[in-house]
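Worksheet: one structure, shown below.
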Amino acid sequence: MVRIFFVVALAVISLTGCHPRPVKSPAPVFPVPTRQQLDWHQLETYAFIHFTTNTFTGKEWGYGDESPSVFNPSQLNVDQWVSTLKETGFKAVILTAKHHDGFCLWPSAYTDHTLAASPYKNGKGDLVRDVSDACKKYGLKFGIYLSPWDRNRADYGKPSYITYYRNQLKELFENYGPVFEMWFDGANGGDGYYGGAREKRRIDGSRYYDWPGTMQMVREMEPDILFFSDAGPDIRWVGNERGIAGETNWNNLTPDTLYAGKAGIENLLGTGSETGSRWIPAEVDVSIRPGWFYHAEEDGKVKTAEELFDIYLSSVGRGSNLLLNIPPDRRGLFHEKDVDHLKGFHRLVEERLGHNLLEKAKVKASAAYDRTQKASRLTDGDMQTFWAAKETRTDMEITLPRPAEIHYLQLSEHIALGQRVKAFEVEAYDGRNWTTVARGTTIGYKRILKITPVKAQKLRVKILDAKAPAVLSEIRAS
Ligand code: FUL
């Protein structure tokens with residue numbers, strides 16, 4: 001009896017239309033991102049924080065012989081760092097727990113070369129704890145940079161150093177998580193203090209660290225972790241520290257085409273590879289100042305709000321994520337200049353890209369993958385919904401709710417089903433003529449195009465070439 005009632009109720013719901021027809025997904029185009037990589041794409045902008053004895057010695061690469069007594073910030077306030085980042089749109093923080101000089105920002109049990117030996121809080125400080133806690137308080141994700149190269153350690157270059165490095169990873173992951181990203185720096189080997197040896201040491205970067213073993217150990221502690229390194233495996237370096245991803249930017253790459261010293265490697269990291277076998281998106285790391293660490297003489301060289309906005313366009317606007325470094329000063333604060341420029345940058349992003357002139361606009365598209373596709377999903381403001389085309393060449397015509405001047409266009413692919421688009425064009429109709437206002441190659445998670453301002457009644461997005469029929473999640477204009 002109960003069962004019959006249930007069946008009838010279901011039939012009534014579907015007849016009355018309360019039960020929407022499920023949207024069918026076309027087959028994915030491999031490689032596709034993992035769930036963790038998909039979450040990562042949504043972060044878009046997050047901060048690097050470089051802080052160590054260098055801040056107090058004026059260096060960029062500490063030699064490893066710095067006395068912990070130099071580490072003495074007078075007004076350190078982690079809340080100021082993280083609240084500023086929250087206020088200015090950052091979604092996560094990656095902290096240099098240990099840079100090449102070997103000084104640790106937490107009281108590691110495996111070395112004396114830490115803030116426990118510094119005057120800061122009479123040796124009772126723990127900045128990894130403080131930043132991790134502040135991230136939880138403000139709802140930001142927390143990531144760790146732990147330099148593999150250690151110019152302080154006497155045993156750097158020997159097998160025992162790998163045990164030391166792994167013990168520190170255990171300390172960090174067991175006590176300060178959750179950690180969303182682990183940053184492995186490619187800078188490795190050279191001269192250093194090395195416990196007093198003061199010599200040059202070379203290691204074979206591909207074998208010395210046994211990266212597969214180290215990553216396996218970390219994944220057991222933090223299954224959702226994403227590893228960044230020059231070549232991935234989860235996130236790749238973009239190939240420069242200027243804030244620029246390739247205009248053509250594939251999230252795909254074949255790891256074994258990457259090896260140190262290969263000619264053109266930087267370029268390959270910037271563009272990825274259309275035929276790449278793995279999903280390894282690029283992260284764009286760049287500093288708000290010329291150096292990665294704070295130097296008072298660079299106070300006049302903090303990137304302006306406009307410069308930061310341009311970097312945003314050449315990173316997030318090309319389908320990558322932006323990792324912007326803001327180094328605390330000797331007081332232990334983000335400098336006023338940096339805070340001011342961050343606020344200006346955030347204002348520009350909001351003013352220029354924060355509204356959508358296509359909200360709920362009418363969309364007419366050429367043939368769809370199937371009857372469950374609704375072109376209106378392209379302008380519903382929801383990155384999770386999508387519209388799938390039937391053919392590789394396809395057009396979408398959008399009628400604006402009212403004619404408006406357009407300065408920026410934003411296109412997004414539904415990357416859960418793989419990156420597809422190879423070439424596109426956008427045309428605008430001013431009431432008399434159609435003119436081409438933008439041309440591009442790849443789209444990926446997000447492509448933002450700054451165009452010569454145009455007053456438009458309609459837009460036409462033309463996919464000219466693709467690996468497979470496009471699946472787009474959003475089209476926006478502002
Ligand atoms: C580089 C390092 O050598 C710099 O000091 C900085 O940490 C940058 C993010 O990565 O490889």
Side-chain angles (χ1 to χ4, degrees), residues 45-66 71 81 85 90 92-105 127-128 131 142-153 156 165 168 172 180-193 200-203 205-206 208-209 211 226-232 234-245 258 260-261 265-266 269-270 282-295 298 301-303 308 311 315 320-329 338:
T45 309
Y46 44 96
F48 225 166
I49 296 185
H50 275 66
F51 195 45
T52 182
T53 47
N54 291 347
T55 313
F56 303 87
T57 58
K59 291 186 196 156
E60 273 292 306
W61 280 8
Y63 190 68
D65 61 351
E66 296 75 22
F71 187 82
W81 310 353
L85 294 171
F90 288 74
V93 171
I94 298 181
L95 175 70
T96 54
K98 175 188 87 164
H99 202 249
H100 309 326
D101 55 80
F103 181 78
C104 302
L105 293 185
L127 284 174
V128 177
V131 175
F142 175 62
I144 287 179
Y145 169 114
L146 187 73
S147 172
W149 183 24
D150 191 320
R151 303 172 95 189
N152 174 260
R153 289 291 295 182
Y156 179 77
Y165 188 73
Q168 291 206 318
L172 291 169
F180 84 104
E181 179 172 330
M182 177 74 221
W183 220 89
F184 292 124
D185 197 322
N188 264 300
D191 62 342
Y193 173 67
K200 214 175 212 144
R201 289 188 184 169
R202 296 252 165 254
I203 49 106
S206 61
Y208 176 53
Y209 297 105
W211 286 125
L226 291 164
F227 293 111
F228 166 97
S229 85
D230 285 5
D234 302 312
I235 304 164
R236 72 177 195 261
W237 185 43
V238 76
N240 66 77
E241 292 177 342
R242 289 174 287 117
I244 302 176
L258 293 167
I265 187 98
E266 275 87 7
L269 288 166
E283 178 187 83
V284 178
D285 64 317
V286 56
S287 185
I288 194 166
R289 290 165 168 260
W292 292 97
F293 289 91
Y294 176 85
H295 310 294
E298 292 178 353
K301 294 184 179 156
V302 179
K303 290 188 176 67
L308 294 173
I311 285 176
S315 54
S320 280
N321 276 357
L322 170 60
L323 174 60
L324 180 69
N325 179 61
I326 303 107
D329 63 15
D338 304 44

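Because the structure is a prediction, the values reported are computed rather than measured. Just so you know, these numbers use all the heavy atoms, side chains as well, and skip hydrogens, waters and symmetry mates. In each ligand, atom 1 is the first atom listed, and ligand 1 is the first ligand listed.
- For the pair D191 and R151, the salt-bridge criterion is met [side-chain N within less than 4.0 Å of a carboxylate O].
- Counting the atoms of ligand 1 from 1 in the order shown, those under 4.0 Å from a heavy atom of D285 are 9 (C).
- For ligand 1, the atoms sitting less than 4.0 Å from at least one non-hydrogen atom of A187 are 3 (O), 11 (O), numbered in the order shown with element in parentheses.
- Residues Y208 and N188 have side chains that never bring a donor and an acceptor to within less than 3.5 angstrom of each other.
- Listed by number with element, the atoms of ligand 1 under 4.0 Å from a non-hydrogen atom of F48 are 9 (C).
- Assignment of F293 to the shell around ligand 1 is not supported, since no heavy atom sits closer than 4.0 Å.
- F56 and F51 have tilted rings, their planes meeting at an angle from 30° to 60° on a 0 to 90° scale.
- Contact atoms of ligand 1 toward E241: 1 (C), 8 (C), 10 (O) (distance under 4.0 Å to a heavy atom of the residue).
- Near H100, meaning under 4.0 Å from one of its heavy atoms, ligand 1 places the atoms 2 (C), 3 (O).
- No side-chain donor-acceptor contact under 3.5 Å links H50 and T96.
- Atoms of ligand 1 found under 4.0 Å from any heavy atom of H50 (numbered from 1 in listed order, with element): 6 (C), 7 (O), 9 (C).
- For ligand 1, the polar-atom distance check against W61 finds a nitrogen or oxygen pair separated by under 3.5 Å.
- In terms of heavy atoms, S315 sits closest to L322 at OG-CB, 3.6 Å.
- Aromatic ring orientation, W183 versus F228: parallel (interplanar angle below 30°, classes split at 30° and 60°).
- The aromatic rings of H99 and F293 sit perpendicular to each other, their planes meeting at more than 60°, with 30° as the lower class boundary.
- Of the candidates H99, K59, E60, H99 brings a heavy atom nearest to atom 4 (C) of ligand 1.
- With hydrogens left out, the protein atom closest to atom 2 (C) of ligand 1 is D185 OD2, 3.1 Å, a heavy atom.
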